[in-house]
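Remarks on the structure that follows.
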Amino acid sequence: MKYDIVIVGGGLAGLAFACALKESRLKIALVEGRAPSRPEGWDARIYAISPANARFLADIGVWKHLDAGRMAPVRAMEVYGDGDSRLDFSAYQSGVPELAWILESSLMAQELWENVKRQGNVDILCPATPRELEFRADATLLHLEDGSSLSARLLVGADGRESWVRNRAGLAAHYSPYGEKGLVANFSTEKPHGGIAYQWFRDDGVLAYLPLPGNRISIVWSTPDAHADALAALPAEELCARVAAAGNHTLGQLELLTPAAAFALKLMRVPEPTAPRLALIGDAAHGIHPLSGHGINLGYRDAKTLAEIIAAAAPWQDIGDARLLARYRRARKEEVMLLQTTTDGLRRLFREDLPGLKPLRNLGLNLVNRLGPVKSALVRYALES
């Protein structure tokens, strides 16, 4: 079957990319192993969506369908160093309604999936498993396990950080394992969070409390492998006590809502996220430390940028041409590199135990908190990323 675009991977970035092309005349195929599903209760995998990406999701028709009762705005953020230091951000002081929105991954995935199903220009092949990839001068051929083949002018790899597409295309990915895992879980809280997100740089890693609707929070604790595994194995009552103590009992006693889970953290750089007739987006194109909460926002920006470049192409232009795809690569390179370098640098800064470094890094955090223009610049970037 012939298509203009074949998307491999039905994750958030791939689905958002398809939705962003809903007004185009392009014929699109989406290849995915299984449809997204919603867990019972609360999903422990949550994301902080920037206002810019909330607008993007609104523009492609998704935001208005999301269950507002499952989303929480971030009104302020408090960041604490591993000494007597603090950095505060406020939506009110920044002149915006919220700094970000916290919502479940599965909530977004399901609504994006439903949007794509309603699109007249998209064929969903699910369940389907890629078997072979063949690049020709005028098309990419994707052969599936069921024996069928798809031809496309452009193949988009949106199949995650262990991307089958990236590996089969021979595009290099350079990994730097952190020796850490991100422990995630949801809790109910004794005290209301007031829409405040908290983050602590600790000797054992970085702990974040992210507000959920009501007296609920989701946590991400980036910590060395052995510590993360030990925390995940704790009985619920003891885990609650540990997480509450690590957060200085800011929200009082905690009660576990979802089992804790831990996933390995590593920096991933992909020097060339494009090739003739191929583009990578989302986690297939980059990986960053979760301390900034911007991983999903990078993926949505990938989807938006690539969709805009393709939609703006003249009818006579080949959307799989390397020169056109180079525009996407250049457009995304600076932001991806900046966030990777910044998050990696912050993580290293607070993990190093060199003499005299601890007071210096905490002095720096306090200094930034007092410098209004610097704080404003950081907030502006976060809002528009």
Side-chain angles (χ1 to χ4, degrees), residues 11-13 36-50 70-72 74 77 79 100-110 160-162 177-189 193 196-202 204-247 250-251 253-268 282-283 287-299 343 346-347 351:
L12 298 176
S37 60
R38 293 277 289 139
E40 292 184 13
W42 289 86
D43 187 352
R45 187 173 186 181
I46 59 94
Y47 289 113
I49 305 300
S50 70
R70 310 284 296 198
M71 302 158 54
V74 177
M77 186 170 185
V79 181
W101 287 92
I102 307 298
L103 60 157
E104 300 156 283
S105 172
S106 59
L107 180 68
M108 285 188 291
Q110 194 165 57
R161 68 178 184 177
E162 304 303 329
Y178 284 116
E180 296 177 350
K181 290 181 179 178
L183 183 86
V184 296
N186 296 336
F187 300 83
S188 61
T189 64
H193 52 64
I196 300 173
Y198 298 91
Q199 189 171 55
W200 293 271
F201 286 88
R202 298 168 41 85
D204 57 12
V206 185
L207 171 63
Y209 283 8
L210 302 172
L212 290 173
N215 283 13
R216 303 183 187 91
I217 60 168
S218 184
I219 72 140
V220 183
W221 194 341
S222 306
T223 188
D225 290 341
H227 188 225
D229 291 338
L231 289 170
L234 289 174
E237 187 174 337
E238 189 172 348
L239 177 63
C240 290
R242 290 279 193 95
V243 174
T250 299
L251 300 178
Q253 293 184 343
L254 305 179
E255 182 178 344
L256 191 65
L257 295 176
T258 60
F263 55 94
L265 303 179
K266 53 188 173 183
L267 175 69
M268 184 185 75
D283 290 346
I288 66 172
H289 196 282
L291 67 85
S292 73
H294 267 284
I296 186 57
N297 291 306
L298 281 180
T343 54
L346 276 173
R347 181 260 175 194
R351 293 299 291 160

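Any value given below was found using the heavy atoms of this structure, including those in side chains, with hydrogens, waters and symmetry copies removed. Here the structure is a predicted model, which is why all the values come from computation and not from measurement. Starting from 1, each residue takes its place in the sequence as its number.
- When all heavy atoms of L183 and A260 are compared, the pair lying nearest together is CD1-CB, 4.0 Å.
- Going from atom CG of L239 over to atom CG of L256 covers 6.0 Å, rounded to the nearest 0.5 Å.
- Taking every heavy atom of both residues into account, P36 and A109 meet most closely at CG-O, 3.8 Å.
- In this structure the side chain of V79 reaches within 4.5 angstrom of the side chain of F201, judged on heavy atoms.
- Contact check for H289 versus L265: side-chain heavy atoms found under the 4.5 Å cut-off.
- Between atom OH of residue Y198 and atom CG of residue L207 there is a gap of 12.5 Å, rounded to the nearest 0.5 Å.
- Separation of atoms CD (E104) and CE (M71) is listed at 10.5 Å; rounding is to 0.5 Å.
- Between H193 and Y209, the ring center distance fails the sub-6.0 Å criterion.
- Side-chain contact between L254 and T189: present, with at least one pair of heavy atoms (C-beta onward) separated by less than 4.5 Å.
- A heavy-atom distance below 4.5 Å is not found between the side chains of D43 and L107.
- Judged by distance alone, with hydrogens and angles left aside, the side-chain atoms of D283 form no donor-acceptor pair with the main-chain N or O of G299 at under 3.5 Å.
- Atom CZ of R70 is surrounded by more than 12 heavy atoms from other residues, nucleotides or ligands within 6.0 Å.
- Interatomic distance, I49 CD1 to M108 CE, rounded to the nearest 0.5 Å: 4.0 Å.
- Between W200 and G247, the shortest heavy-atom distance links the atoms CZ2-O, 3.3 Å.
- Within 6.0 Å of atom CD in Q253, 12 or fewer heavy atoms from other residues, nucleotides or ligands are found, so the atom counts as exposed in its surroundings.
- Using modelled atom types, one side-chain atom of T223 and one backbone atom of D204 make a donor-acceptor pair closer than 3.5 Å.
- Residues N186 and S218 have side chains in contact (heavy-atom distance under 4.5 Å, counting atoms from C-beta outward).
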